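Here the structure is laid out as structure tokens; the discussion comes afterwards.
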Amino acid sequence: MGSSVTSARDRHATLVREIRTHDYRYHTLDDPAITDREYDALYAELRALELEHPEFVTPDSPTQRVASELRADLRTVEHAVPMMSLDNTYNAEELRDFARRVLDGLPAGATPSFCVEPKLDGASIEVLYRDGRLVEGSTRGDGVSGESITENLRTIRSLPLSIDYTGPLTLRAEVVIFRRDLERINRERVEQGEAPFANPRNAAAGSLRMIDPRVVAKRPLRALVWQVIEGPTLAPSHSAALEKLAELGIPTHKKQRVCASVDEILECIAEFDRDRKGYPYETDGAVVKVDDFHAQAILGATAKFPRWAIAYKFSAEQATTRVLDIVVWVGRTGTLTPVASLEPVQLAGTTVSSASLHNEQIIGQLDVRIGDWVSIQKAGEIIPQVVSVDVTRRTGSETPFAMPEACPCCGTAVVRSAEEVRVRCPNPRCPDQVKASIFHFSRRFAMDIDGLGESLIAALVGTGLVSDVADLYRLEAGQIAELERMGKKSADNVIAAIAASKERPLDRLLTGLGIEHVGQVAARQLADAAGSLAELLEWPDAEVEAHVAAIAGFGPKMVASVRRYLCDPGSRALLERLRGAGVSRAQPRAESAVDGPLLGLSFCVTGVLSRKREDVHAAIRAAGGSVHDKVKQGTSYLVVGAKVGAAKLTAAKKNGTRVIQEAELELMLKGEALPSGEA
Ligand code: IVH
């Protein structure tokens with residue numbers, strides 16, 4: 001037995017070594033030596049071996065990249081040296097000024113060289129290695145302290161968990177997502193009905209702060225080191241230190257170039273600017289650093305920036321084109337959005353033919369007219385926007401744009417409210433609004449009608465078959481099959497999906513109706529208060545307000561909106577027709593929990609959880625707790641899943657709401673007490 005354990009231990013060591021080499025080849029060198037399948041087989045073997053021999057598991061085993069637990073907290077860690085920002089320049093003259101200031105700050109006769117490298121557009125992090133092990137990682141935060149994200153960083157496969165260097169090493173790096181990886185995850189997100197990330201930076205920053213490392217592990221994050229803060233014996237200069245790090249298997253961008261003169265620096269920057277579209281990551285400029293560490297120390301820093309470094313920003317890629325027209329789109333709630341139709345033009349890799357002009361105010365500020373030559377650029381390199389108008393090219397034939405006084409879709413006079421820049425079409429039967437509201441009704445979080453997409457909805461509304469959501473329940477397969485690009489089979493499927501949606505409970509129906517200020521949680525509360533669609537319809541107009549105002553957490557805006565909706569004869573008639581069609585008939589009156597472990601406690605649930613949000617809400621209610629959409633005064637707990645927005649956490653802090661993980665909620669649901677924690 002002794003010898004079989006020895007051989008198992010040898011095999012374990014071999015597997016760890018091999019997997020590490022393959023991780024390095026794949027993630028750092030971009031030069032895999034084996035197929036994914038072969039890699040998976042090695043990994044599976046290692047897992048199996050560790051299951052059998054838990055005593056073999058070391059913190060730097062490849063299996064330990066993903067902890068099986070949720071991150072404990074969003075602990076704050078102070079950076080040993082503050083993470084400063086960089087002074088920016090946009091032209092050669094300012095760069096020469098910088099070089100002059102550097103010379104002035106160094107002893108007479110010094111001939112400093114400069115290291116020029118790309119400025120990576122991602123999320124900055126700090127990583128600590130101690131005794132050759134990755135021990136701590138944190139976000140930039142406010143520069144002085146950040147959040148501990150060690151577990152998440154451990155999931156980044158290009159970042160070694162152990163290195164062959166035992167001195168203390170504190171590194172700073174940018175976490176990025178390669179463009180090609182972002183395209184892939186965005187495709188997947190759209191397929192799953194999730195919003196795509198606007199750009200790689202948002203995707204990287206958002207991923208890093210997620211609570212569940214298992215979800216982070218699925219994001220294709222990479223870290224590229226750009227500074228050594230502590231690592232004294234490593235090298236005498238920045239460029240040499242970067243090389244040394246690369247030798248240790250630590251990922252760097254490898255594009256550093258040492259230059260002796262400003263002209264050389266400018267040449268290098270021009271080259272980066274020319275080539276950057278071919279880089280796998282986004283870069284919005286170059287960073288110029290005094291190379292020698294000793295010279296850096298002499299130069300020191302101002303209150304904000306180091307004196308030994310500067311960022312040279314590339315100008316955002318712009319294109320010039322003509323505004324062919326300004327059209328107005330009408331959304332679900334009737335909001336009119338002006339959009340510029342452009343002569344198609346190539347910009348940062350895509351053909352752009354329209355750009356949002358947001359609202360009347362922005363059009364006024366830019367003074368954009370139809371026929372104008374305009375410069376457009378991509379905001380965050382994704383969404384095109386009009387930056388400026390070239391008034392010198394005006395011929396006098398340009399037409400100023402004014403928001404229409406009538407809805408471009410249905411001709412109804414628009415309304416403007418004094419306090420908003422919003423212009424609205426007030427006609428609920430406006431075809432564009434109808435299409436958008438049917439689309440909303442059919443979405444997954446509402447009535448979940450599979451196969452009812454935007455083009456089918458447009459055809460249904462266009463042919464007059466459907467003019468509101470209740471009409472959906474009168475459709476016959478034959479009518480759908482006659483529409484363009486629809487066959488009998490797909491028509492049958494859509495009809496079946498519509499019929500199935502009748503079974504959705506009242507709160508999903510109320511969500512789907514898109515009543516202003518009524519989100520999923522409020523819809524649930526309203527549904528609970530009414531009990532059923534039939535009972536809701538029995539509320540006399542005069543009593544609606546009192547019923548709604550009695551719902552915990554319903555503020556004046558919500559009460560007014562629900563009252564407006566329920567007392568409107570048009571919406572009442574719609575609800576009657578839905579009831580007649582048998583929609584939401586089955587919803588029983590919600591069991592009001594009389595007793596339970598969560599009695600008297602209020603919860604707000606946010607982020608991605610291991611089960612559907614609605615199910616978590618239902619469990620809390622069943623245990624006597626109440627649920628709110630927002631954290632406010634008196635909210636007892638904020639339950640956080642993955643991908644939590646900062647706003648909710650800030651609100652929790654402000655209101656003294658205790659932040660707990662899903663696992664902790666599960667304990668509470670079972671009636672177990674939590675260890676006390678800060679509120
Ligand atoms: S050196 C003391 N090098 O840009 C600051 N920063 O605007 C030294 N960044 O906080 C910064 N790529 O988040 C440096 N190659 C690079 C960089 C880089 C991206 C970020 C970093 C820094 C910010 C400064």
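If you're wondering where the values come from, they're calculated on a predicted model, not measured in any experiment.
Of the possible donor and acceptor atoms, one in the side chain of Arg572 sits under 3.5 Å from a partner among the backbone N and O of Leu537. In terms of modelled atom types and a separation under 3.5 Å, the side chain of Thr463 and the main chain of Ala459 share a donor-acceptor contact. Using modelled atom types, one side-chain atom of Asp468 and one backbone atom of Ala470 make a donor-acceptor pair closer than 3.5 Å. The backbone N or O of Gln361 sits less than 3.5 Å from a side-chain atom of Asn359, completing a donor-acceptor pair. Using a distance-only test at 3.5 Å, with no hydrogens or angles considered, a donor-acceptor pair links the side chain of Glu174 to the main chain of Gly122. Judged by distance alone, with hydrogens and angles left aside, the side-chain atoms of Gln433 form a donor-acceptor pair with the main-chain N or O of Asn427 at under 3.5 Å.
Interatomic distance, Ser584 OG to Asp507 CG, rounded to the nearest 0.5 Å: 8.5 Å. The distance from atom CG of Leu510 to atom CD of Gln525, rounded to the nearest 0.5 Å, is 12.0 Å. Note that the CZ atom of Arg332 and the NE2 atom of His440 stand 4.0 Å from one another [nearest 0.5 Å]. If you take CG on Leu578 and CG on Asp471, they are separated by 9.5 Å, rounding to the nearest 0.5 Å. Taking CG from Asn493 and CE from Met486, the interatomic distance works out to 8.5 Å, rounded to the nearest 0.5 Å. Note that the CD atom of Gln365 and the CG atom of Leu357 stand 11.5 Å from one another [nearest 0.5 Å].
The closest side-chain heavy-atom distance from Met447 to Val583 is below 4.5 Å. Contact check for Ile438 versus Leu460: no side-chain heavy atoms found under the 4.5 Å cut-off. Counting heavy atoms from C-beta on, the side chains of His628 and Ser602 come closer than 4.5 Å. The side-chain heavy atoms of Thr511 and Arg504, taken from C-beta on, include no pair separated by under 4.5 Å. Leu456 is listed as a side-chain neighbour of Leu483, based on a closest heavy-atom distance under 4.5 Å.
A salt bridge links Asp367 with Arg394: the closest approach of a Lys/Arg side-chain nitrogen to an acidic carboxylate oxygen falls below 4.0 angstrom. By the 4.0 Å N-to-carboxylate-O rule, Lys435 lies too far from Glu454 to be salt-bridged with it. Comment: Arg524 engages Asp528 in a salt bridge, judged by a side-chain N to carboxylate O separation of less than 4.0 angstrom. Arg184 has a carboxylate O that lies under 4.0 Å from a charged side-chain N of Glu188, or vice versa, which qualifies the two as a salt bridge. Taking the charged nitrogens against the carboxylate oxygens, Glu183 and Arg180 have no contact shorter than 4.0 Å, which rules out a salt bridge.
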* Verdict with reasoning, Leu472 to Ile449, per side-chain contact (heavy atoms from CB on, under 4.5 Å) -> CA-CA 10 Å; Leu472 291 173; Ile449 309 180; 4.3 Å; yes

* To do: Test side-chain contact (heavy atoms from CB on, under 4.5 Å) on Ile498 and Tyr473 and set out the steps.
  => CA-CA 7 Å; Ile498 293 174; Tyr473 297 96; 3.6 Å; yes

* Is there a side-chain contact (heavy atoms from CB on, under 4.5 Å) between Phe439 and Leu452 once you walk through the steps? -> CA-CA 8 Å; Phe439 184 63; Leu452 192 61; over 6 Å; no

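Each of Leu574, Val544, Val548 was checked for a side-chain contact (heavy atoms from CB on, under 4.5 Å) with Tyr565, and the lone residue meeting it is Leu574. Checked options Pro408, Cys409, Cys430, Pro404; the residue passing with Cys425 is Cys430 (criterion: side-chain contact (heavy atoms from CB on, under 4.5 Å)).
Between Ala549 and Val559, the shortest heavy-atom contact is CA-CG2, 3.9 Å. Here the closest non-hydrogen pair linking Val659 and Ala652 is CG2-CB, 3.9 Å. The heavy-atom pair separating Leu475 from Ile495 by the smallest distance is O-CD1, 3.5 Å. Taking both residues in full, the closest heavy atoms of Ser356 and Thr337 are given as OG-CG2, 4.2 Å, listed atom of the first, atom of the second, then distance.
Open room surrounds NZ on Lys630; 12 or fewer heavy atoms of other groups in view lie less than 6.0 Å from it. Atom CZ of Arg444 has 12 or fewer heavy atoms from other residues, nucleotides or ligands within 6.0 Å.
For the residue pair Thr335 and Arg422, a side-chain donor N or O sits within less than 3.5 Å of a side-chain acceptor on the partner.
Ring geometry for Trp539 versus His547: interplanar angle under 30°, hence parallel rather than tilted (30 to 60°).
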